[in-house]
Amino acid sequence: MKYDAIIIGGGIIGASIAYNLTKQGMRSVAVFEKNYISSGSTGRCGGGIRQQWASPENCKLAVKSVHLFEKLDQELGFDTEYYQGGYLLLAFTDEEVEQFRKNVVMQQGAGVPVRLIGVDEVAAKFPFLDTSDLKAAAHCRTDGHINPMLVNQAYADAAKRNGADIHLFTEVVRIVRDRDRINSVITADVRTFETGVLINAGGGFSAEVAAMAGITIPTRPQRHEILITEPLEKFMDPMVIDFHHHIYFRQTKHGSVVMGYGDPHEPYTHNIQGSLEFLKTMSLMITKVVPAMKKVKIVRQWAGLYNMSPDAQPILGKVPGVSNYYQAVGFSGHGLMLAPAVAELMAELIVTGRTSMDISDLSIDRFAGRTEFKLEKAVV
Ligand SMILES: Cc1cc2nc3c(=O)[nH]c(=O)nc-3n(C[C@H](O)[C@H](O)[C@H](O)COP(=O)(O)OP(=O)(O)OC[C@H]3O[C@@H](n4cnc5c(N)ncnc54)[C@H](O)[C@@H]3O)c2cc1C
């Protein structure tokens, strides 16, 4: 069997690229997913969608994504629980305020309706927060959140309706390459599928997928833990991030609060075990910021992988020396929110060889011969 394009990975990135390839006219597209839709990082993620980034590249992609998210339910015919309740970033030190001030100028230049607001305004609008140590906050009303599993499924279903084949429980175990071309993939059940192009959307396993094609990429998996509480009456609109205590939290449509803590000392491994340490630290941090959480019950905890790149920005496009290999990897904790824009641009690149927005700064070439990078700091 032969496809024009094979995508490895049925998370949000693989599914959205499959949909956009078919939308842009590619005829035979297949996704190979070793488990099921959303079984990877996508189904484990926090669901946040924000445009408040420190790097102009992330910011531009996020702005484009929000424009696409705003009409996505209509386009895909699905209720994804997309909610533009805003995003509030808390600053607890003068250094953070200074960084926010710079970011806000850059973000406003990119068209993001973001404002730096004072402690009095935060206390008045968001009374659930303990503002005693707060210095300022950045607020963007068009940011928000979504149900990650629903939007992943919506893209996969739409791709399927457009003719794509979605092979679930089908692991790619070998990639056959002849000099500068990928010829085919071989699955765990020993079937061979030839392909015109190969797209690596392997999430936390992107480096392993690339290695099967003889390609080395600088992405590393890192566990991030997260939990959900019992449902509460609606008390908050925005998703909140606090880089100082390394936490984020939001209230879902049905009232539960989803929250995560990004351990700055977490090693790079594929471990996705939940830990007691996380429960303790998360509880300590959230109750500092939202004291009323002391009385709330946790219902469940889990973990997933961030696919980290050296500068915490995605790695998009081709690699030198392989003519028909593409990758959309290294999302470093923000792949869900960037997916609509990335998928449209990746499909343009694959179908026409050009993109309507310049993403060349995000190619793997930026790491060539360098050991130090300008790090995206706005990551929890
Ligand atoms: C706790 C947590 C919170 C997060 N919060 C947010 C957030 O609020 N907002 C946000 O934008 N992002 C968030 N993220 C990051 C986000 O989840 C990821 O960036 C995004 O889901 C990446 O999508 P993906 O499709 O690249 O990866 P995945 O969803 O992991 O999909 C990759 C798929 O590839 C499959 N695969 C791998 N190798 C093979 C193979 N050889 N053969 C077949 N299939 C294979 C895997 O099974 C997997 O399903 C969070 C992540 C975590 C862990």
Side-chain angles (χ1 to χ4, degrees), residues 6-18 30-51 53 58 61-62 65 69 87 143-149 151-152 155-156 166-175 185-188 198-213 219 221-228 239 241 248-250 258-263 266 270 272 274 278 282 301-309 312 314-316 327-340 342-343 379-380:
I6 284 181
I7 299 163
I8 301 182
I12 189 71
I13 298 298
S16 58
I17 292 177
V31 175
F32 286 81
E33 166 53 55
K34 66 180 169 183
N35 290 310
Y36 51 90
I37 298 296
S38 261
S39 57
S41 303
T42 304
R44 298 160 184 275
C45 89
I49 295 170
R50 72 177 144 115
Q51 301 155 96
W53 289 99
N58 275 339
L61 281 176
S65 269
F69 272 122
Y87 232 103
D143 288 345
H145 51 79
I146 200 163
N147 183 320
M149 298 180 94
V151 66
N152 198 163
Y155 269 125
I166 314 272
H167 299 271
L168 300 182
F169 302 103
T170 310
E171 182 172 3
V172 171
V173 292
R174 237 188 102 197
I175 295 173
V185 303
I186 300 175
T187 57
L198 183 77
I199 299 130
N200 178 354
F205 294 84
S206 63
E208 286 75 11
V209 170
M212 283 193 273
T219 55
Q222 188 179 46
R223 176 179 67 168
H224 278 253
E225 297 192 65
I226 183 164
L227 64 77
I228 190 162
M239 182 142 172
I241 291 198
Y248 59 86
F249 54 100
R250 70 162 170 114
V258 169
M259 61 183 84
Y261 167 77
D263 183 347
E266 183 71 32
H270 283 111
I272 51 167
F278 163 70
M282 183 79 244
Q301 74 179 111
W302 66 95
L305 297 173
Y306 277 18
N307 188 226
M308 297 304 298
S309 74
I315 308 176
L316 306 178
Q327 58 193 2
V329 299
F331 285 93
S332 308
H334 32 287
L336 177 81
M337 64 183 87
L338 300 184
V342 163
V379 177
V380 176

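When a ligand or atom number is given, it counts from 1 through the structure's own listing order. Predicted, not measured: the structure shown is a model, and the values here were computed from it. We count residues from 1, following the sequence as given. Computed over heavy atoms, backbone and side chain alike; hydrogens, waters and symmetry mates excluded.
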field: Contacts of T187 that satisfy side-chain hydrogen bond (donor to acceptor under 3.5 Å, both in side chains) - sequence neighbours left out
entry: D189

- prompt: Taking only residues two or more places apart in sequence or in another chain, which ones pass side-chain hydrogen bond (donor to acceptor under 3.5 Å, both in side chains) with D143?
  reply: Q51, Q52

Between H145 and Y87, ring centroids under 6.0 Å: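 No, the ring of H145 stays outside the 6.0 Å limit from the ring of Y87, centre to centre.
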
Sorted by chain and number, the residues that approach ligand 1 to under 4.0 Å with a heavy atom: I8, G9, G10, G11, I12, I13, F32, E33, K34, S39, G40, S41, T42, R44, C45, G46, G47, G48, T170, E171, V172, A201, G202, G203, F205, V209, M212, H224, I226, Y248, G304, L305, Y306, F331, G333, H334, G335, L336, M337

Side-chain polar contacts of residues 8-16 - donor-acceptor pairs under 3.5 angstrom, sequence neighbours left out - could you list them?
{"from": "S16", "atom 1": "OG", "to": "I12", "atom 2": "O", "distance (Å)": "2.6"}
{"from": "S16", "atom 1": "OG", "to": "I13", "atom 2": "O", "distance (Å)": "3.1"}

task: Any chance you could measure Y155, atom OH, to I166, atom CD1, to the nearest 0.5 Å?
output: 13.5 Å

Atom pair CD1 (I146) and CZ (F69), whose distance is rounded to the nearest 0.5 Å: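 Interatomic distance, I146 CD1 to F69 CZ, rounded to 0.5 Å: 4.5 Å.
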
